[in-house]
Every structure is written in structure tokens, then in C-alpha cells.
Amino acid sequence: MKRIVIVLYVVVVAVMATATIVEKYQGTSFVSEHIYGAWWFSALWALLSAVAVFYFLKRRVRRLSVVVLHVSFLVILAGALLTHLTARQGVVHLRQGHSVNTYVTPDMQQHALPFTISLRKFEVRYHEGTDAPQDYLSHIVIAADGKSDSVADVVSMNNIVSHRGVRLYQSSYDEDLQGSILALNSDPWGIPVTYLGYALLFVSLVWMLIDPRGQYRQLLRRAAACALLCLACCHTMATNPTPAPRVLPQETAERFSQLFVVYNDRVCPMQTYALDFTKKLYGKRSYGEYSAAQVLTGFIFYYDDWTRQPVIRIKGSEMKQRLGLPDYASFNSFFNQNGYRLGPYLGSKDIGKIDERIMLIMELHQGTPLQIFPYAEQGRTTWYAPTSKLPATMDGEHQKYMREVFTLLNGEIQAGRFDRANQFLDKMLQYQQTFGASSLPGNLRVGAERIYNRVPFATILFMVCLTLGMLCFLLLIFRPVWFQRRGQRVALVLLAVCFLALTFCLALRWMITGHAPMANGYETMLFLAWAVMLLAFLGYKRFPILLTFGFLLSGFFLLVSHISQMDPQITHLMPVLNSPLLTLHVSIIMMAYALLAMTFIASLTALFLKPQRHQLHLLSQLMLFPALTCLGFGIFIGAIWANVSWGTYWSWDPKETWALITFMVYAAPAHSMFSPLRPDNSPLRYHVYMTLAFLTILMTYYGVNYFLGGMHSYA
């Protein structure tokens, strides 16, 4: 019976993996009809469930946490079956001023609605001052058939309207903005059953970790002498023979960075914009020996020099080979006698990112981002750039100052009179402080932002934590006498220093943003690293190994945040992604991947270090159980978000499918057959399995993005 369960389990995983590849060549409609929607696929899941239940009962499993965990999967599958059999899905096409009481299903059949819908107005709401869509809104009126009563409501992205068991979602719209297309979903039975399964899953995954008599707590009791191995990597960059560009002296560039500018819809120091500008272009906080402020002012005042500098970072080997580009290219290298070299390739994802960097330079050259001149009128302060269209009601003195001061400043800089340039910049700052009124941030907030910009907390701490974590691991492996006596105290002090530094970093972000630093993925990663350090402090007396884990895990979370900031997001989120669940979903998934990466490193190390295989087996299992908990949370939080936003909690998108495959592949070694608590288990077999299992994460993260595509290929 055990072998039958294993065979069916492998077959289900193989079918799902094959389906994602078939979808690449045959299309989504084909696999939806012939695989995911086919009777035999449902029957395969049902057979696996039935055989697994029989085997489960035969083994007489009595531990309640384990029982609830496995029952949750059955409930989720039951909910999915109910959705498959009873749910109704379709679209409703509305035109302004017309009423509709039917919808069309994917098979192009028309069905009646239990009410009538009419579109009063459709609008695209943009972010203020930009052409970036913030939301799509359909103002509708719903009236029950045969009744005069009606209900007015608004359907928008991540804001559904429910009426008489039917949920309406914003899907698309007509080009003339006179029509809207709403997605429709009615699933009164499948959703509550599935959500019940999710709730049981959440409870059981946490229960699995805290159950005093569970397998994970038994592993913890044997963890005092083990640790996890972490590898740190670095890369070097070749020097470039391009002649050095002209730059402002550091003092003048620093004074320029003290000016205020409207950036990302808030007034902040120019220093913040300079850092993001440089990181967006070059991937680092500085360009060689030049600071971010010198890079920004270089493009402003010495444009010709800086357009020849290889300051634009190029990613994507295919496009680099096709265009003959180096790792770092100059702005001028993207233009030739035929025009813009990227023009024919703008549909490519990699080229789109390069194009964004080109546009940053072009916009700066036009002066558009430099909204540095405040002007108060009728109680409202508006900030203008030197090239902005100024209101006719503005008095002539202000108009003249805004039009001429940059020209005068540039004249002093070109003439090399930097003392006079410094005086101009001081007067510009005084002008901002005089006319900026309440739109300027307070001194405490400005001071916090300047400190935060000067110290790359995530970069420093991730390197320190990973280095110390690896060192602690090696010392635990070789166990020198001096480390047993004094090493843990030293590690505790160093972890305390890192904890205080990260606490200071979070406090600065809180002062800068005005809210708790948990509003996006970057802040969440910082908070998770902080929480890991805190947990290490709370539990190190009972489990000394937590000091090592504290360094390693916090280092990985800080590494993730550091990588995300290497390409700072300047454009707004797509409206469909503008949901608080995005941060939660992505952060938890990334935490799972970090933990599973540790299991991979531990197992890979064990293949070469035979004496340490048993210890690394235990270490890997200690990472595996929390990783499965995080992965399960992340997958099903994503499903709940999808149900709220798009009307379906599971669409068999390649990323979703491979995330489920990853969960199933890593769930197998969590069973007792792989447990290091059993003396008859082979650690070598476990380590080989865990090394190969990491391929599913690579496929989920890279294979989907660069090969399979799909709805999540951007993630």
C-alpha cells in the first residue's frame, strides 16, 4: 500500500509538471480542457486521496496535529471538486446607458443573470500628475428583475461587488472608455469548503511546529550540537578605460543633495532621488569613486561627459549578445545612425527594463523630475520644475526666479566658480524653506532620512550576519574548547549589536514614512530579520544553536531585501497588484525559499563531508518544517488573494502549479521515513533527495519566468 501511495504521488506531480510544459507549446486552453479540466485528472487526485486515506487509517495515526493536517488537504480537494462541478464563471460586457441581464461562459454560451446590470460610467483613475493607471472603476447599477429597487455600486481592481450569490470583478474595458467588461463568478459551495480547508491547514501547520510531542519538537531537542551552512558569494567588475567625466566637487554636490524635491509623490531630500537614480542605472549606491549626488549632478550639468560613461547596467545574456552590449553600457551606445537601437525589441521584458533606465536619463535631461520650486496659492502648495508650465496667476517675480536660477547656477558651474554655485544652492534651499510652507517634512524626519540614506543598513548587516553565521557553524562543527567556553558569549554580543543596528534602521524608516515599517516587501524582509534575531535572543539559553540560526536566517532575509533594493522601483504598481496581500504573499514565499535554500546547502555539503552527514541531516530537517509552513501559508494566501481579486482561487497558472509541486516534493521528506530520529534511516539518501528537490525551486522561480511564462512570469 505504501508503494502504491508513492507511485500515485509521483504520477500526480509528473502530470502537473508535464502540463506546464505542454501549455508552453499548446496554449492555456488546450491544457485546461485536456488535462486540468479532464475527468481523468480529477479521478487521479481522487484515487490518490482514497489510497492515502486507507494507508493513513491502516497505520492508525493518532497524533491530532498530523490528522488535522492531512484532513485539511482532503477538505481543500473536496472544495476544489465542488468548485469544478458547481461554480459558474463568465463575463458581462456593459455599455454606458444600456442594461444587461445575461452573461457569457468560456464556452461562448449565454446564460441569464438573476438581476439586471447597467453601466453609469467607466473611468480610469491615474496617479496624480502622471499617466500611470491607479485604478479602473465601473460605476454600475444592479436591479432585481421585476422590481423597481436598485443598488448603485462601484467595481474596481481588488474591490468586488457581490449580489445574490454572484460576484463581479473588473476585468477589462473598451478603448473608447464607454464600456466595461466584468468577470463573473458564483461559487456558493466550493469557496466555503475550500476556505475551511485553508483554515485547518493554517492551524495544523503551526500546530506541527509547536506540538510538544510532535516530530519537529523532537528534532529541536537534538539540535544543540548542529548548525546550518551558508555560502556567501561575491563578484568583481572589470575596470573601464573610458575617460573620467567632469563632476561637481563633493561639497557642491552635497549641497545640491540637500535641496528638496517631489519624488514618488512625496517631498523628500534630493539625496533620496540621487541614490535611487544611481541604483536604478548602475545597481549600486555610487559609480566608482563618485557619489550618487555627483552622478545625478553629472547628468544635469555635464550631460555630454556622462552619456559616454558605462553607467547603465545590462541584464539578460540573450539581449546582450543580440545587441553586442557589455555588462555596463553608456547612454550613447543605445543610439546610432538608424535611431534608437532598442526600438525593435521593446516587447521584451529585459529590454523594457533597459528602456526604463534610458528614459530616466532623458527625463532628467529635460528637467521633468526636478520639481524643486514650491509655490503656495489658495492654501495649496504646488512644486514646479524649471521646465514646468507655470500658472498664469503666478506673480512675475516667482516666474522669473524659477525660469532663470538654474541657468545662472549652470553658468557658475561651467565657469568653475563653485563658491558662487554653493551660494546659489544655499539661497535655493532658503527659497524652498520660505515658500514650501507645510509641504516640507519636519527636521526630525529630514535628519532621519539623511542618516538612513548615508548608511546602507541592509547591505552591511546581511554581509555581517551571513559571515558570522558561517563562522559559528564552522566553530560548532570543529568544537574548539575556547569556543565552548567563551564563543557563545561573543556570538551573543555580536548578535545584540546587529539587532540594535537593525532596530535603529527600522526606527528611521518609521520616522521617515510615518507608519510602521511593514508596508511593502522590502520593509517586511527587514522586519522578518529583526524578528528572527529577537527569537534567537529569547530561545538561545535552551537552544544555543539559535544564535547560529539567528545570524543565518536574518542574513538571508536582509540579503533578499538588499537584492530588491538594487533595482529600486520608480514606477507605480499595476492596479491589479495594489493589494496588501501582495506583500504578505511574496514575503512569506521568499522566507520559505530562503529556508529551503539552507536545506539545499546543508545537503550539498553533506555529500562531501561524510562525518557530518547525521548532524546536517538534523539541521536540514530543522529548516524543512518551518519552510513547509511558510510555503503552505504563502501558496494559500496567494489563493485567497486571487479569489478576492480575480474570482478564482486556483487557475493552474505555471507559477501556481510549480509552487504546488515544490510543496508536494518537499512534503515527502517531512514524513518519518526520512526522519533522523530513526536510526535505520540513511542520511545519504535524504541528502541526495534534498539536493535534487531544490531543482523544483529553480524551476518555480527561474523556469517559469524565463521559459514557461504565464500570469506570474513577472514575479
Side-chain angles (χ1 to χ4, degrees), residues 248-280 282-287 289-297 372 422 425-426 428-430 432-433 436 439-465 494-531 533-534 554-555 557-566 568-570:
L248 291 183
Q250 185 61 46
E251 180 186 358
T252 305
E254 177 63 23
R255 293 200 184 198
F256 188 89
S257 72
Q258 292 177 3
L259 297 175
F260 293 98
V261 64
V262 175
Y263 175 62
N264 276 346
D265 295 323
R266 70 185 185 94
V267 179
C268 65
M270 185 73 73
Q271 178 192 51
T272 300
Y273 172 57
L275 279 170
D276 282 2
F277 178 83
T278 305
K279 288 190 288 186
K280 185 71 174 180
Y282 193 59
K284 297 180 181 179
R285 295 169 55 89
S286 59
Y287 173 65
E289 62 186 27
Y290 306 122
S291 68
Q294 289 177 309
V295 173
L296 179 68
T297 53
I372 60 176
N422 292 342
L425 291 171
D426 290 341
M428 290 172 67
L429 181 59
Q430 292 176 7
Q432 291 182 328
Q433 293 170 341
S439 65
L440 287 175
N443 292 334
L444 180 63
R445 179 177 165 187
V446 172
E449 189 158 359
R450 293 192 189 283
I451 295 173
Y452 182 83
N453 287 336
R454 290 185 182 280
V455 182
F457 288 95
T459 304
I460 295 173
L461 288 175
F462 100 75
M463 292 189 293
V464 170
C465 289
L494 293 174
L495 185 62
V497 172
C498 294
F499 178 78
L500 292 175
L502 187 53
T503 302
F504 183 59
C505 170
L506 291 171
L508 290 175
R509 284 193 69 94
W510 198 326
M511 286 187 282
I512 294 167
T513 61
H515 57 74
M518 290 181 285
N520 53 52
Y522 174 72
E523 292 179 347
T524 304
M525 287 294 105
L526 294 183
F527 178 78
L528 286 172
W530 181 87
M533 292 183 185
L534 179 62
S554 60
F557 293 142
L558 291 167
L559 174 61
V560 171
S561 71
H562 168 79
I563 292 173
S564 69
Q565 285 296 92
M566 291 292 286
Q569 178 180 328
I570 291 181

Minimum-distance pair of heavy atoms, taken over all atoms of [X] and [Y]:
X: Leu425; Y: Thr252; value: CD1-O, 3.6 Å
X: Cys505; Y: Tyr452; value: SG-CE1, 3.7 Å
X: Ser286; Y: Ser291; value: CB-CA, 4.3 Å

Please round to the nearest 0.5 Å and tell me the distance separating atom [atom1] of [X] and atom [atom2] of [Y].
X: Gln294; Y: Glu289; atom1: CD; atom2: CD; result: 8.0 Å
X: Phe499; Y: Leu495; atom1: CZ; atom2: CG; result: 8.5 Å
X: Leu506; Y: Arg509; atom1: CG; atom2: CZ; result: 8.5 Å
X: Gln433; Y: Leu429; atom1: CD; atom2: CG; result: 4.0 Å
X: Arg285; Y: Leu275; atom1: CZ; atom2: CG; result: 5.0 Å
X: Ile372; Y: Leu259; atom1: CD1; atom2: CG; result: 6.0 Å

Requested in this report: Test side-chain contact (heavy atoms from CB on, under 4.5 Å) on Trp530 and Thr503 and set out the steps.
Outcome: CA-CA 7 Å; Trp530 181 87; Thr503 302; 2.8 Å; yes
Do the non-hydrogen side-chain atoms of [X] and [Y] ever get within less than 4.5 Å of each other?
X: Val497; Y: Val464; result: no
X: Glu254; Y: Gln258; result: yes
X: Leu526; Y: Leu558; result: yes
X: Glu449; Y: Val446; result: no
X: Thr278; Y: Leu296; result: no
X: Ile512; Y: Arg266; result: yes

**Report entry** Donor-acceptor under 3.5 Å (Arg445 side chain, Cys268 main chain)
**Finding:**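 No.
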Report task. Could you walk me through whether Val295 and Tyr282 pass the side-chain contact (heavy atoms from CB on, under 4.5 Å) test, one step at a time? Result -> CA-CA 10 Å; Val295 173; Tyr282 193 59; over 6 Å; no
